[in-house]
Novice: 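Just dropping this structure here.
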Amino acid sequence: MLEVPSRLKDSCRGDPLRETWLRALPDVVAELQIRWSLEPGPPYSGATAAWVAPVHRQAGPAVVKVSMPHMEAEGEIDGLRFWDGDPTVRLLEADDSLGAMLLEQCEPGSTLRERPEEEQDVVIAVLLRRMWRAPAEPHPFRPLSEMTSHWAAETGFQKDRWPDQGLVAEGLRLLEELPATAADHVLLATDLHAGNVLAAGRQPWLVIDPKPFIGDPAYDATQHLFNCRSRLEADPTGTINRFAGLLDVDAERVRLWTFARTAAEPRDDWGSESLELARALAP
């Protein structure tokens, strides 16, 4: 029987499409095992949006990943093909229809989270600036506005739970406005934080789990900032200005993106903690 981490089961619970995917997962992994000549080990327990496991094969160690249905991650395979190992993990094999990937294994594989946040800032800034390239047309990548519109629709369905109608409405306005007013449009990682950067041998640090969209580079600062929450809450302006400077992007646009996401992203808990940060960042 295929071992499935409890956190991945939780991510699928209550969603009919994901529950169907989960039931089919053992057969999918068995098929990949034969097709790609793999000997999978136990899956990584921390994965919440994919079944991920180290594998042995004749050509050497690797990692197999089968992604659950997830709007934001639909372009991961295309993104890994585009970046081609610079600065992401390399894509060795893929089945687009199954959302299945055979990936380069990072050794030693420790995450950037183990380093101080100020060091994380520098490493992530370097990686993002390497990732920000404009793919030639035609390309398969969706505009950032598609993701922000998806979020705005979900938040609209939660309107009866908004604790501050004006603040959320302003965040929604910016989620619509900011993608349309960007001066540059490049391929973004959208989910790059220290937990998605692994120590490796081929390069000091490699990116995993990109969720590529075409859009404003200033947006890509936000995920790392949200993963430095205590620092961001203690000094929003200073933290944003430092990271924007390392990225060489407009700090005001980073602040607006951070506010818009804090105020208006859909969530399970519309508590006061996020709203306090949103008020500190509000235009």
Side-chain angles (χ1 to χ4, degrees), residues 1-33 35-36 38-57 60-81 83 85 87-115 120 124 127 147 189-200 205-213 223-224 226-227 229 267-268:
M1 180 178 294
L2 186 72
E3 180 182 348
V4 179
S6 59
R7 295 180 66 185
L8 180 57
K9 291 179 182 177
D10 291 342
S11 296
C12 295
R13 191 169 290 118
D15 185 308
L17 186 61
R18 292 178 181 180
E19 288 178 345
T20 298
W21 171 85
L22 190 61
R23 286 193 294 272
L25 182 62
D27 290 338
V28 169
V29 173
E31 177 186 340
L32 296 174
Q33 185 173 352
R35 190 195 311 176
W36 293 338
L38 309 177
E39 295 179 21
Y44 296 113
S45 60
T48 60
W51 189 87
V52 189
V55 297
H56 295 286
R57 61 192 187 117
V63 172
V64 66
K65 177 176 183 178
V66 185
S67 294
M68 75 179 188
H70 189 327
M71 180 270 178
E72 295 168 25
E74 287 174 7
E76 181 176 358
I77 292 174
D78 287 322
L80 290 172
R81 288 187 179 120
W83 284 302
T88 63
V89 291
R90 284 195 171 121
L91 182 68
L92 307 176
E93 301 279 0
D95 185 317
D96 298 66
S97 65
L98 297 175
M101 293 158 263
L102 187 66
L103 303 168
E104 170 186 12
Q105 187 177 64
C106 293
E107 292 290 349
S110 53
T111 75
L112 184 59
R113 274 205 180 114
E114 298 177 15
R115 304 295 182 91
Q120 295 175 22
I124 289 178
L127 292 170
M147 182 165 67
T190 77
D191 191 28
L192 189 53
H193 55 79
N196 280 344
V197 178
L198 303 184
W205 300 103
L206 292 175
V207 174
I208 62 170
D209 294 339
K211 296 176 176 61
F213 287 82
Q223 200 65 29
H224 172 58
F226 286 135
N227 279 265
R229 190 73 182 214
R267 65 203 70 181
D268 294 329

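Keep in mind that what you see is a predicted model, and the values were worked out from it rather than measured.
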Novice: Drop me the distance from Ser67's OG to Glu76's CD, to the nearest 0.5 angstrom.
Specialist: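 If I round to the nearest 0.5 Å, the distance is 5.0 Å.
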Novice: Are Leu127 and Val197 side-chain neighbours, meaning at least one heavy-atom pair lies under 4.5 Å?
Specialist: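 Result yes, sub-4.5 Å side-chain heavy-atom pair found.
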Novice: Arg81: which residues meet the salt bridge (Lys or Arg N to Asp or Glu O under 4.0 Å) condition with it, sequence neighbours left out?
Specialist: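 In terms of salt bridge (Lys or Arg N to Asp or Glu O under 4.0 Å), with neighbours along the sequence ignored, Arg81 is linked to Asp78, Asp96.
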Novice: Side chains of Val64 and Val52, heavy atoms from C-beta outward: is any pair under 4.5 Å?
Specialist: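 Sidechains of Val52 and Val64: no contact.
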Novice: If every non-hydrogen atom of Arg57 is compared with every non-hydrogen atom of Ala62, which pair is closest and at what distance?
Specialist: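 For Arg57 and Ala62, the tightest heavy-atom pair comes out as NE-CB, 3.7 Å.
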Novice: Are Pro26 and Met1 packed together at the side-chain level, in the sense that at least one heavy-atom pair is separated by less than 4.5 angstrom?
Specialist: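 Pro26 vs Met1: side chains apart.
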Novice: If you apply the rule side-chain contact (heavy atoms from CB on, under 4.5 Å), what do you find for Leu25 with Met68, and how did you get there?
Specialist: CA-CA 9 Å; Leu25 182 62; Met68 75 179 188; over 6 Å; no
Novice: Can you name the residues that form a side-chain contact (heavy atoms from CB on, under 4.5 Å) with Pro108, not counting sequence neighbours?
Specialist: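 side-chain contact (heavy atoms from CB on, under 4.5 Å) check on Pro108 returns Ser110, Ala199.
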Novice: Looking only at heavy atoms, what is the nearest atom pair of Leu17 and Pro69, with distance?
Specialist: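 Closest heavy-atom pair between Leu17 and Pro69: CD2-CB, 3.7 Å.
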Novice: With sequence neighbours left out, what residues match Ala100 under side-chain contact (heavy atoms from CB on, under 4.5 Å)?
Specialist: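 Ala100 satisfies side-chain contact (heavy atoms from CB on, under 4.5 Å) with Leu32, Trp36, Val66, Asp95, Leu98 only.
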Novice: Just jot down the salt bridge (Lys or Arg N to Asp or Glu O under 4.0 Å) partners of Arg23, sequence neighbours excluded, or say none.
Specialist: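 If we apply the salt bridge (Lys or Arg N to Asp or Glu O under 4.0 Å) test to Arg23, skipping adjacent residues, there are no hits.
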Novice: Does any part of the side chain of Met101, heavy atoms only, come nearer than 4.5 Å to the side chain of Leu80, both counted from C-beta?
Specialist: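 Heavy-atom side-chain distance check passes, below 4.5 Å.
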Novice: Checking Pro61 now: which residues fulfil side-chain contact (heavy atoms from CB on, under 4.5 Å) with it, not counting sequence neighbours?
Specialist: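 By the side-chain contact (heavy atoms from CB on, under 4.5 Å) rule, Pro61 matches Gln105.
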Novice: Output, in order, the C-alpha distance, side-chain angles, deciding distance and verdict of side-chain contact (heavy atoms from CB on, under 4.5 Å) for Trp205 and Arg115.
Specialist: CA-CA 12 Å; Trp205 300 103; Arg115 304 295 182 91; 3.8 Å; yes
Novice: Report the residue from Thr111, Leu112, Asn227 that forms a side-chain contact (heavy atoms from CB on, under 4.5 Å) with Gln120.
Specialist: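 Between Gln120 and the candidates, side-chain contact (heavy atoms from CB on, under 4.5 Å) is satisfied uniquely by Leu112.
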Novice: If we only count heavy atoms from C-beta on, is the Arg90 to Leu103 side-chain gap below 4.5 Å?
Specialist: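 No, side chains not in contact.
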Novice: Run Leu91 and Leu102 through side-chain contact (heavy atoms from CB on, under 4.5 Å) and show every step you take.
Specialist: CA-CA 6 Å; Leu91 182 68; Leu102 187 66; over 6 Å; no
Novice: Of all residues at least two apart in sequence or in a different chain, which pass the side-chain contact (heavy atoms from CB on, under 4.5 Å) check with Asp191?
Specialist: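 By the side-chain contact (heavy atoms from CB on, under 4.5 Å) rule, Asp191 matches His193, Asn196, Lys211, Gln223.
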Novice: Measure across Pro212 and Gly79 and return the closest heavy-atom pair with its distance rounded to 0.1 Å.
Specialist: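 What the structure gives for the nearest pair is CG-CA, 3.9 Å.
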Novice: Is there any salt bridge (Lys or Arg N to Asp or Glu O under 4.0 Å) pair reaching into residues 99-114, and which pairs are they, with sequence neighbours excluded?
Specialist: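 Output for this query lists Glu104-Arg202.
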Novice: Which heavy atom in Glu19 sits nearest to a heavy atom in Cys12, and how many Å separate them?
Specialist: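 Closest pair (atom of Glu19, atom of Cys12, distance): CG-O, 3.2 Å.
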Novice: Under the rule for salt bridge (Lys or Arg N to Asp or Glu O under 4.0 Å), what residues qualify as partners of Glu72, not counting sequence neighbours?
Specialist: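 Once residues adjacent in sequence are excluded, Glu72 has no partner under the salt bridge (Lys or Arg N to Asp or Glu O under 4.0 Å) criterion.
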Novice: Give every residue pair that meets the salt bridge (Lys or Arg N to Asp or Glu O under 4.0 Å) criterion with at least one member in residues 2-13, sequence neighbours excluded.
Specialist: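 Those involving residues 2-13 are Asp10-Arg13.
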Novice: Might you point out which heavy atoms bring Val55 and Pro40 nearest each other, and give the distance in Å?
Specialist: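 The pair with the smallest heavy-atom distance is CG1-CA, 3.7 Å.
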Novice: Using the side-chain hydrogen bond (donor to acceptor under 3.5 Å, both in side chains) criterion, which residues pair with Glu31? Sequence neighbours excluded.
Specialist: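 Counting only residues at least two positions away or on another chain, Glu31 forms a side-chain hydrogen bond (donor to acceptor under 3.5 Å, both in side chains) with Arg35.
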Novice: Test: side chain to side chain donor-acceptor pair (under 3.5 Å). Region: residues 43-54. Which pairs qualify, not counting sequence neighbours?
Specialist: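 Every candidate side chain to side chain donor-acceptor pair (under 3.5 Å) pair involving residues 43-54 fails, so no pair, neighbours aside, qualifies.
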Novice: Apply salt bridge (Lys or Arg N to Asp or Glu O under 4.0 Å) to Asp268 and list each qualifying residue two or more places apart in sequence or on a separate chain.
Specialist: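 Testing Asp268 for salt bridge (Lys or Arg N to Asp or Glu O under 4.0 Å), a comparison that skips the adjacent residues, returns none.
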Novice: How close do Ile208 and Gly195 get, counting heavy atoms only, and between which atoms?
Specialist: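 Ile208 and Gly195 have their closest heavy atoms at CD1-O, 4.3 Å.
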